[in-house]
Amino acid sequence: MLPIDPQADRARRAWLACPGCDDARDCGVCADRRNCPTHWRYLLRNEGPRVHLQCPGCTHLWTVDTRARG
Ligand SMILES: [Zn+2]
Ligand SMILES: [Zn+2]
C-alpha cells in the first residue's frame with residue numbers, strides 16, 4: 001500500500017470508480033452517479049484536463065484525462 005499523498009484533502013474529492021479496488025461495483029448510490037458518502041477519491045491536483053486521484057481505500061494512485069470522458 002502506498003502512503004496517502006500529503007496533498008490529499010477531504011475537502012477536495014472526486015466521485016470516480018477506482019481502477020485499483022473497484023469498491024463501488026455493487027453500490028447503488030454510485031451506480032446512480034450521486035455523490036456517495038462512502039466511495040470517493042482524493043483529488044490531489046490537476047494539470048489542465050489531467051486529474052490526479054488517490055483512492056483512500058486501497059491507496060491506488062492514477063490519472064484521468066477528463067477530455068477522454070464523454
Ligand atoms: Zn481503490
Ligand atoms: Zn458508493
Side-chain angles (χ1 to χ4, degrees):
M1 301 263 289
L2 294 163
I4 293 292
D5 191 283
Q7 293 187 55
D9 183 347
R10 287 183 67 93
R12 295 198 308 146
R13 293 181 286 177
W15 283 267
L16 294 167
C18 173
C21 62
D22 199 17
D23 59 355
R25 182 178 54 239
D26 299 321
C27 178
V29 180
C30 290
D32 284 350
R33 295 186 166 276
R34 285 182 277 142
N35 289 356
C36 182
T38 308
H39 305 114
W40 49 269
R41 321 300 161 193
Y42 286 117
L43 182 55
L44 299 180
R45 58 193 163 273
N46 58 293
E47 296 160 1
R50 288 167 61 84
V51 181
H52 297 268
L53 302 156
Q54 185 167 29
C55 174
C58 69
T59 73
H60 182 68
L61 275 165
W62 80 105
T63 304
V64 169
D65 187 332
T66 55
R67 288 175 303 191
R69 296 171 56 86

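The shortest heavy-atom contact between R41 and C55 is NH1-SG, 3.3 Å. In this structure, M1 and G57 approach most closely via the heavy-atom pair CE-O, 3.8 Å.
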Would you be so kind as to tabulate the donor-acceptor pairs closer than 3.5 Å made by side chains of residues 4-12, with sequence neighbours excluded?
unit_1 : atom_1 : unit_2 : atom_2 : d
D5     : OD1    : Q7     : N      : 2.7
D9     : OD1    : A11    : N      : 2.9
R12    : NH2    : L43    : O      : 3.2
R12    : NH2    : L44    : O      : 2.7

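For R13, there are no salt bridge (charged side-chain N to carboxylate O under 4.0 Å, His left out) partners, not counting sequence neighbours. Partners of R34 according to the salt bridge (charged side-chain N to carboxylate O under 4.0 Å, His left out) rule, which considers only residues two or more places apart in sequence or in another chain, are D32. Residues satisfying the salt bridge (charged side-chain N to carboxylate O under 4.0 Å, His left out) test with D22, not counting sequence neighbours, are R25.
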Evaluate W15 against C36 for side chain to side chain contact (heavy atoms under 4.5 Å, CB included), listing each step before the verdict.
CA-CA 7 Å; W15 283 267; C36 182; 4.2 Å; yes

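Residue pairs meeting the ring-ring contact (aromatic ring centres under 6.0 Å, His included) criterion with at least one partner in residues 18-41, sequence neighbours excluded, are W40-Y42. Applying the side chain to side chain donor-acceptor pair (under 3.5 Å) test to residues at least two apart or on different chains, the pairs with a partner in residues 51-63 are E47-H52, H52-T63.
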